[in-house]
**Q** 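Submitted below is the structure of interest, expressed as structure tokens.
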Amino acid sequence: MSFSISLTVNGVRRNIELEDPRVTLLDLLREGLDLTGTKKGCDRGQCGACTVLIDGRRINSCLALAVSHDGADVLTIEGIARGDVLHPVQAAFIAHDGLQCGFCTPGQIMSAIGLIGEGQAGDDPERVREGMSGNLCRCGAYAGITEAVLEAQQDLVTANEGRSA
């Protein structure tokens with residue numbers, strides 16, 4: 001028995017046939033849609049490497065059944081840059097060395113975008129660290145990650161103020 005779902009993934013509407021209702025969103029993205037930027041780390045929702053945005057909210061895609069998100073808007077790391085122009089969070093991660101091996105970086109970036117979008121980043125490093133605590137970095141790039149999130153949040157606020165003026 002197959003199940004039909006429809007997702008908008010990185011702005012593209014996709015109609016998908018699932019043979020198994022137990023397929024996670026992570027496995028669908030990586031194996032079914034060949035979007036391998038979202039990483040499979042712990043497969044238990046503990047590391048955050050699989051973080052994506054569903055309807056603008058951060059989730060661990062390894063814990064989400066694809067079938068339960070029928071009709072959702074999914075944003076992955078592959079969908080945040082605009083052509084050759086990096087998203088401000090991506091640029092800030094590079095500027096502040098918010099990465100080392102890079103394995104956790106897609107999840108960190110997606111979580112940071114979600115944190116900023118939720119209005120939870122603020123300008124306090126401790127608040128950012130708390131908001132990003134579900135994303136682990138085995139290399140210990142936390143100082144750069146925190147600085148990157150703070151800079152990106154400020155850049156996005158400044159850009160939004162410029163648009164409303």
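In this text, all values refer to a predicted model and were calculated from it rather than measured experimentally. All residue numbers in this chain count up from 1 along the given sequence. Scope of the values below: all heavy atoms of this structure, side chains included, with no hydrogens, waters or symmetry mates.
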**Q** So do Lys39 and Arg30 actually touch side chain to side chain, heavy atoms under 4.5 Å?
**A**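 Yes. Closest side-chain heavy atoms under 4.5 Å.
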
**Q** Tell me, yes or no, whether the heavy-atom count around Arg44 atom CZ, taken from other residues, nucleotides or ligands under 6.0 Å, exceeds 12.
**A**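 Count not over threshold, so no.
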
**Q** Once you round to the nearest 0.5 Å, how far does CG of Asp124 lie from CG of Leu150?
**A**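 One gets 8.0 Å once the value is rounded to the nearest 0.5 Å.
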
**Q** Apply the hydrophobic cluster definition, ILVMFWY joined by side-chain contacts under 4.5 Å directly or through others, and give me every member besides Val74.
**A**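 The other cluster members (ILVMFWY side chains, heavy atoms under 4.5 Å, direct or chained) are Met1, Phe3, Ile5, Leu7, Val9, Ile16, Leu18, Val23, Leu25, Leu28, Leu29, Leu33, Leu35, Val52, Ile54, Ile59, Leu65, Val67.
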
**Q** If you measure from OG1 on Thr8 to CG on Asp55, what distance do you get to the nearest 0.5 Å?
**A**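 It is 9.0 Å, given to the nearest 0.5 Å.
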
**Q** Are more than 12 heavy atoms from other residues, nucleotides or ligands located less than 6.0 Å from atom CD of Glu130?
**A**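 Incorrect, the count does not exceed 12.
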
**Q** Tell me, which pairs form a side chain to side chain donor-acceptor pair (under 3.5 Å) where one or both residues lie in residues 135-144, sequence neighbours left out?
**A**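 Listed by first then second residue: Thr51-Asn135, Ser111-Asn135.
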
**Q** Hey, does the side chain of Asp20 reach the backbone of Arg22 with a donor-acceptor pair shorter than 3.5 angstrom?
**A**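 Checked: pair present.
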
**Q** Do you reckon Leu156 sits in the same ILVMFWY cluster as Met132, going by side-chain contacts under 4.5 Å, direct or chained?
**A**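 In one cluster with Leu156: Met132, yes.
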
**Q** Specify the closest pair of heavy atoms between Leu136 and Ser133, including all atoms of both residues, with the distance to one decimal.
**A**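 The pair with the smallest heavy-atom distance is CD2-O, 4.2 Å.
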
**Q** Please find the pair of heavy atoms, one from Pro88 and one from Ala152, that lie closest to each other, and give the distance.
**A**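 Heavy atoms of Pro88 and Ala152 come nearest at O-CB, 3.9 Å.
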
**Q** Is there a continuous path of hydrophobic side-chain contacts, each under 4.5 Å between heavy atoms, that joins Leu26 to Met110?
**A**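 The answer is no; the residues belong to distinct hydrophobic clusters.
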
**Q** Which atom pair, heavy atoms only, marks the closest approach of His96 to Glu147?
**A**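 Looks like ND1-OE1, 3.3 Å.
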
**Q** Just by distance, do the side chain of His87 and the backbone of Val89 share a donor-acceptor pair under 3.5 Å?
**A**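 Judged by distance alone, yes, a pair lies under 3.5 Å.
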
**Q** Indicate yes or no for a side-chain donor-acceptor contact from Gln90 to the backbone of Ile109 under 3.5 Å, with no hydrogens or angles considered.
**A**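 Such a contact is absent between Gln90 side chain and Ile109 backbone.
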
**Q** For the pair Arg129 and Glu126, evaluate salt bridge (charged side-chain N to carboxylate O under 4.0 Å, His left out) and give the outcome as yes or no after the intermediate values.
**A** CA-CA 5 Å; Arg129 283 189 286 273; Glu126 187 58 34; 3.2 Å; yes

**Q** For residues Gly102 and Pro106, report the shortest heavy-atom separation together with the two atoms involved.
**A**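 Reported closest heavy-atom pair: O-CD, 3.5 Å.
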
**Q** Can you tell me how far CG of Asn15 sits from OG of Ser4, rounded to the nearest 0.5 angstrom?
**A**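 It is 8.0 Å, given to the nearest 0.5 Å.
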
**Q** Taking atom CZ of Arg57 as the centre, does the number of heavy atoms from other residues, nucleotides or ligands within less than 6.0 Å exceed 12?
**A**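 Atom CZ in Arg57 is not packed in, count stays at 12 or less.
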
**Q** If every non-hydrogen atom of Cys50 is compared with every non-hydrogen atom of Ser61, which pair is closest and at what distance?
**A**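 Nearest heavy atoms, Cys50 then Ser61: O-OG, 2.7 Å.
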
**Q** With sequence neighbours left out, write down each residue that passes salt bridge (charged side-chain N to carboxylate O under 4.0 Å, His left out) with Lys40, or none if nothing qualifies.
**A**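 Lys40 satisfies salt bridge (charged side-chain N to carboxylate O under 4.0 Å, His left out) with Asp27, Asp43 only.
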
**Q** Cut-off 3.5 Å, side chains only: do Arg13 and Ser6 have a donor facing an acceptor?
**A**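 There is such a pair (donor and acceptor under 3.5 Å, judged by atom type) between the side chains of Arg13 and Ser6.
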
**Q** Looking at every non-hydrogen atom in both residues, tell me the closest pair between Gly122 and Gln153 and how far apart they are.
**A**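 Scanning both residues completely, I find the closest heavy atoms to be O-OE1, 3.3 Å.
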
**Q** Could you tell me if the side chain of Leu115 sits less than 4.5 Å from the side chain of Arg58, heavy atoms only?
**A**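 Side chain of Arg58 against side chain of Leu115, heavy atoms only: contact under 4.5 Å found.
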
**Q** Quick one: which of Ile77, Asp73, Thr76 gives a side chain to side chain contact (heavy atoms under 4.5 Å, CB included) with Asn10?
**A**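 That would be Thr76; it is the only one of Ile77, Asp73, Thr76 passing the side chain to side chain contact (heavy atoms under 4.5 Å, CB included) with Asn10.
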
**Q** Could you go through Glu19 and Ser2, starting from their C-alpha distance and side-chain angles, then the distance that decides it, and tell me whether this counts as side-chain hydrogen bond (donor to acceptor under 3.5 Å, both in side chains)?
**A** CA-CA 4 Å; Glu19 296 301 318; Ser2 66; 4.6 Å; no

**Q** Find the distance between CG (Asp97) and CD1 (Ile145) and round it off to the nearest 0.5 Å.
**A**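 One gets 11.0 Å once the value is rounded to the nearest 0.5 Å.
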
